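What follows is a short report on a single structure.
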Amino acid sequence: MDLPRIFTLRESSHRIHNPLTPGKLADLGRALHLAPGTRVLDLASGSGEMLCTWARGHGVTGTGVDISTVFTEKARARAAELGVADRVAFVHGDASGFVADERVDLVACVGATWIGGGVAGTVELLARSLRPGGLMLIGEPYWRNEVPDRETALGCHAGDEDDFLVLPELIERFGGLGYDVVEMVLADQDGWDRYRAAQWLNLRRWLDAHPDDEMAAEVRTELDTEPARYARYQREYLGWGVFALMAR
């Protein structure tokens, strides 16, 4: 049980596995007015940057669950580096279907709604671990502009135009699921650039060091195609944000 190897190669230098910058992640923590002792469950927690920095900065406690062995070990190392290993724990496991033994104050899935088969299923999954009146965080892509055709959607690594919604419709979707959007922090184009372009440097350095690896041809193809695809489609059309929700 693990992520495909190509994913961990792409993001080997990343602490945040989405287009939020460290500053935006800090903005989100401040915007939520997190009280010391807030109990957090973070599903698909990646390298643990949200939990670790919020434990240091706001005194939260909690658990992260992620399917990647590489990222889970990085999260544990980050917790030790920031001196918060006594406040946060990271579990290697499949976040889909994971429910906390005891309900928490804040539950999150920031950028991995596939664990619940989409937004609605992920909201339902997270709600099973959340105390009444608690906060839910969902990180999700949206279309910055109406997508003109399927080619553009595919260029953004979506299956078709209906995979994502434009921002107002996404917010309305949360309402239709019975939740108020009470805060949001949106990635900007610089955040996207830092997230995606860093992947290309990671892959190029890996390829230079491992030219005979069985994955070398796949990495070479990605380096040949992804920068232009990103510039042509994703940078223009794909947005991304974290939305704080409270049940009505």
Side-chain angles (χ1 to χ4, degrees), residues 1-3 11 14-18 20-113 115-116 122-140 174 179-185 187 241-247:
M1 182 173 60
D2 213 330
L3 278 180
E11 306 209 1
H14 291 52
R15 285 181 173 167
I16 301 172
H17 301 286
N18 60 63
L20 282 193
T21 61
K24 293 269 190 178
L25 185 62
D27 288 344
L28 178 61
R30 287 189 294 268
L32 297 177
H33 305 289
L34 299 169
T38 296
R39 297 165 299 148
V40 178
L41 173 66
D42 186 9
L43 297 185
S45 52
S47 296
E49 191 72 0
M50 185 176 79
L51 260 181
C52 290
T53 56
W54 288 3
R56 179 188 60 179
H58 302 283
V60 308
T61 65
T63 300
V65 181
D66 199 272
I67 199 170
S68 169
T69 54
V70 172
F71 295 158
T72 301
E73 286 305 311
K74 288 178 68 174
R76 291 169 180 161
R78 184 64 166 155
E81 177 187 0
L82 296 185
V84 296
D86 59 333
R87 296 180 224 165
V88 295
F90 293 95
V91 176
H92 172 242
D94 187 356
S96 62
F98 187 95
V99 178
D101 294 334
E102 182 178 346
R103 289 181 180 263
V104 299
D105 305 306
L106 187 155
V107 63
C109 176
V110 179
T113 54
I115 69 170
T122 301
V123 167
E124 182 181 1
L125 171 63
L126 295 180
R128 296 167 63 190
S129 297
L130 186 62
R131 68 163 176 81
L135 278 170
M136 180 183 295
L137 298 182
I138 296 280
E140 181 69 3
F174 292 132
Y179 288 81
D180 290 325
V181 175
V182 297
E183 185 56 86
M184 68 180 186
V185 173
V242 182
F243 303 88
L245 314 176
M246 294 185 70

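Position 1 is the first residue of the sequence, and the numbers go up from there. Note that the structure is a prediction, hence the values are computed from the model and not measured.
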Taking the side chain as every heavy atom from C-beta outward, state whether T38 and H58 have any pair of such atoms under 4.5 Å apart. no
Exam field: side chain H92 to backbone I67, donor-acceptor pair closer than 3.5 Å: yes
d(E49 CD, L25 CG) to nearest 0.5 Å is 7.0 Å
Rounded at 0.5 Å granularity, tell me how far CD in E140 sits from OG1 in T113. 3.5 Å
Any donor-acceptor pair under 3.5 Å linking the side chain of S129 with the backbone of A100? yes
Qualifying residues under salt bridge (Lys or Arg N to Asp or Glu O under 4.0 Å), relative to R128, sequence neighbours excluded: none
Between the main-chain N or O of S96 and the side-chain N or O of D94, is there a donor-acceptor pair closer than 3.5 Å? yes
Salt bridge (Lys or Arg N to Asp or Glu O under 4.0 Å) with R56: which residues, sequence neighbours excluded? none
Whether the side chain of D66 engages the backbone of S45 through a donor-acceptor N/O pair (distance < 3.5 Å, no angle test) should be reported. yes
Atom pair CD1 (I115) and CG (L126), whose distance is rounded to the nearest 0.5 Å: 6.0 Å
Please tell me if the side chains of L125 and L43 come closer than 4.5 Å, counting only heavy atoms from C-beta onward. yes
Any salt bridge between K24 and D27, counting N to O under 4.0 Å? no
Taking the side chain as every heavy atom from C-beta outward, state whether L106 and L32 have any atom pair closer than 4.5 Å. yes
For H17 and H14, take the angle between the two ring planes, folded into 0 to 90°, and tell me which bin it lands in: parallel under 30, tilted 30 to 60, perpendicular over 60. parallel
Quick one, L3 and V70 - any side-chain contact, counting heavy atoms below 4.5 Å? no
Hey, what do you get for CG (L137) to CZ (F243), rounding to the nearest 0.5 Å? 11.0 Å
Under the rule for side chain to side chain contact (heavy atoms under 4.5 Å, CB included), what residues qualify as partners of L130, not counting sequence neighbours? V107, M136
Can a donor-acceptor pair be found, under 3.5 Å and without considering hydrogens, that links the side chain of S47 to the backbone of R15? no
More than 12 heavy atoms of other residues, nucleotides or ligands under 6.0 Å from CD of E81: is that the case? yes
Any chance you could measure I138, atom CD1, to F174, atom CZ, to the nearest 0.5 Å? 6.0 Å
If I compare all heavy atoms of V60 with all of R87, which pair ends up nearest, and what's the gap? O-CB, 3.9 Å
Is the number of heavy atoms from other residues, nucleotides or ligands under 6.0 Å of D101 CG greater than 12? no
Assess whether side-chain contact (heavy atoms from CB on, under 4.5 Å) is satisfied between T63 and D42, documenting all intermediate values. CA-CA 6 Å; T63 300; D42 186 9; over 6 Å; no
Distance (rounded to the nearest 0.5 Å) between F90 CZ and R78 CZ: 10.5 Å
Nearest heavy atoms of C52 and A75, plus distance in Å: SG-O, 3.9 Å
Within the 4.5 Å heavy-atom criterion, are W54 and V88 side-chain neighbours or not? no
Measure from the side-chain N and O atoms of D105 to the backbone N and O of R39, and report whether any donor-acceptor pair falls under 3.5 Å. yes
